[in-house]
Amino acid sequence: MRKAFKYIVLSLLAMALLTAGGVGIYVWSLMDGLPDIAELSTYKPPLTTTIKSRDGVLMAELYRENRYMGDPRQLPGFVRKAFIAAEDDKFYEHAGLDFQGIIRAALTNLKEGRFAQGGSTITQQVARTLLLSREKSLERKAREGILALQIERSLEKDDILNLYLNQIYLGHGAYGIEAAARVYFGVSAWELSIAQAALLAGLPQAPSRYDPYKNPAQAIDRRGYVLERMFENSWITAEEAEEAKRSPLGLKGYSNPFEDVSPYYSEYVRQALLELFDTDTVLEGGLTVTTSMDSRLQRAAREALREGLKEIDLRGGYRGPVRVLGAAVTVEDALPREEEEAPFFEGDMPTDGAIAEALVTGVSEEGVTVVAGAAVARIPAERLEWTLPRGRKITDLFSSGQVLLCRFEAVEGGGLKASIYQEPIVEGAIISLDPETGEVLAAVGGYDYKRSQFNRFSQAKRQVGSAIKPLIYAAAISSGYTPASLIYDSPIVYESDELDKKWKPKNYSSRFYCATTLRDALVNSRNVVTIKLLKEMGIQRTV
């Protein structure tokens with residue numbers, strides 16, 4: 001009996017030694033070829049390049065990963081604790097691995113029959129994100145655990161948390177807590193409230209599932225879970241937790257300012273950066289670019305160009321309705337009914353200043369009646385004068401059943417007035433320079449960047465035309481002429497072997513004005529005087 005017991009003990013001991021040896025050999029094989037954790041000490045992730053105006057307005061963000069580096073140690077304590085509560089509440093206690101969490105995750109995975117939980121600590125997540133892949137396998141998990149232990153021996157806890165909070169993906173293209181705070185709430189990370197911090201802390205587990213824009217109910221539930229964990233760990237009070245749970249999401253609705261502020265200018269700057277630096281530096285280098293653009297002048301230039309193009313377009317006349325529904329309808333026919341949708345036209349109730357499609361339901365010499373959604377509006381006859389060719393009447397041009405694009409405005413005392421809105425098809429550009437320095441203070445390359453990305457202030461090839469005349473007159477003044485100098489505006493003929501035929505320049509009016517001062521010639525853009533002046537000075541001197 002004693003021999004049998006001794007044999008069993010020895011056998012178990014041998015099996016334990018063999019198992020331990022096998023595990024040791026397996027661990028040794030995993031350690032072979034592991035990434036060097038020294039890379040973490042020189043952590044330089046891709047950062048967002050920002051383009052700003054001279055008065056500090058953000059014009060554009062250029063990036064592959066939208067990330068701004070920050071030091072989480074400067075954040076309010078509850079912001080850091082929110083992420084620890086959500087992901088690894090024993091972060092400051094363990095040495096890289098949470099064995100209780102691993103066992104809990106293993107049991108859950110066995111029950112589910114799949115990788116339902118990972119049981120990863122924050123340190124493991126840093127190892128996986130920065131040094132390994134996201135492959136779901138036992139070997140990757142083991143390598144992750146080994147690296148986590150090595151990281152804990154090499155870095156301070158706060159340094160590990162710093163890496164995590166700057167690297168983690170939080171949805172909507174935001175990497176790191178600073179970018180996420182801007183994307184979701186329009187604030188810097190140090191300005192986050194407890195509720196906002198808890199919502200962000202709930203995202204790393206599944207950014208799509210807990211996306212507050214798409215799934216607000218799930219996001220609120222997840223936020224509540226994080227707040228409970230913070231309270232259970234005594235990191236916030238019960239009152240703070242309840243107040244945060246009651247807080248609305250308060251999302252900002254982030255969009256890259258590129259298209260909203262000055263798209264043509266920003267694109268021009270982007271191309272200039274690519275000429276100075278390589279693509280990786282522009283999209284990952286975290287450059288801060290300050291331009292010479294003044295945002296106030298830029299807004300004025302954009303508005304001036306758009307209004308000018310609209311005026312030019314209106315001179316070309318009315319281009320007709322958006323479409324014709326092919327049926328004469330009344331106001332009663334077009335308005336939505338309680339029991340059914342409007343049979344001919346659908347749309348939201350337009351607000352003051354809105355541009356929307358409207359259905360014509362009545363036409364008379366006094367104007368046109370239109371319906372948009374549940375609103376009835378009148379286009380008075382005086383607002384239609386520009387649409388009428390000479391000799392035509394309102395009833396000749398408009399009819400019931402037409403769909404017009406209209407701009408609506410509120411009328412004092414209630415109701416709406418409308419006018420036909422016609423988006424110009426003509427294009428143009430405007431550029432404003434500081435004559436002392438050559439700095440571009442404002443530049444707009446077209447009516448609407450979304451409609452056309454062709455940048456007319458930098459890409460269009462156009463003739464100089466009369467814009468060269470002030471330069472010729474400036475050269476003349478520099479050469480001794482005065483604004484009172486006289487040049488005869490009279491016919492002149494040029495012959496040359498380089499010309500196919502004789503050239504007889506003339507003024508726009510086809511008239512000649514005899515003795516003309518330089519001042520009058522410039523003011524009235526006289527071609528012949530300018531040509532004679534250029535001939536007297538000589539081309540080379542003018543150049």
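Bear in mind that the values here come from a model prediction, so they are computed numbers and not experimental data.
- Annotation for Phe78: atom CZ counts as buried by contact number, over 12 foreign heavy atoms lying within 6.0 Å.
- Judged by distance alone, with hydrogens and angles left aside, the side-chain atoms of Glu240 form no donor-acceptor pair with the main-chain N or O of Ile236 at under 3.5 Å.
- With Leu283 as the partner, the side-chain contact (heavy atoms from CB on, under 4.5 Å) test is satisfied by one option alone out of Leu62, Asp278, Leu274: Leu62.
- Thr279 places none of its side-chain heavy atoms less than 4.5 Å from the side chain of Thr281.
- A heavy-atom distance below 4.5 Å is found between the side chains of Tyr164 and Gln125.
- In this structure, Arg323 and Gln402 have side chains that are not in contact, with every pair of non-hydrogen atoms separated by 4.5 Å or more.
- Residues Ala82 and Val226 share a closest heavy-atom pair of O-CG1, 3.6 Å.
- You'll find the side chain of Gln196 stays beyond 4.5 Å of the side chain of Leu249, heavy atoms only.
- Side-chain atoms of Tyr210 and Pro216, non-hydrogen and from C-beta on, never get closer than 4.5 Å to each other.
- Taking the six-membered ring for Trp, Tyr63 and Tyr68 have ring centres at least 6.0 Å apart.
- For Gln271, the side-chain hydrogen bond (donor to acceptor under 3.5 Å, both in side chains) partners two or more places apart in sequence, or in a different chain, are Glu267.
- Smallest separation of non-hydrogen atoms from Ala244 and Ile194: CB-CG2, 4.1 Å.
- Applying the side-chain hydrogen bond (donor to acceptor under 3.5 Å, both in side chains) test to Arg378 and every residue at least two apart in sequence or in another chain returns Ser364, Thr369.
- Seen from the ring of Phe91, Lys157 counts as a face-on cation partner, given the 6.0 Å and 45° thresholds.
- Between Val360 and Val403, every side-chain heavy-atom pair lies at or beyond the 4.5 Å cut-off.
- Between Glu409 and Arg383 a salt bridge is recorded (basic side-chain N to carboxylate O distance below 4.0 Å).
- For Tyr264 and Phe457, the gap between ring centers reaches or exceeds 6.0 Å.
- Residue Leu309 comes nearest to Val426 through the heavy atom pair O-CG1, 3.6 Å, listed as atom of the first residue, atom of the second, then distance.
- Remark: Arg229 engages Ala85, Asp89, Tyr225, Glu232, Asn233 in a side chain to side chain contact (heavy atoms under 4.5 Å, CB included) (not counting sequence neighbours).
- Electrostatic pairing of Lys310 and Glu423 does not count as a salt bridge here, judged by no charged N lying under 4.0 Å from a carboxylate O.
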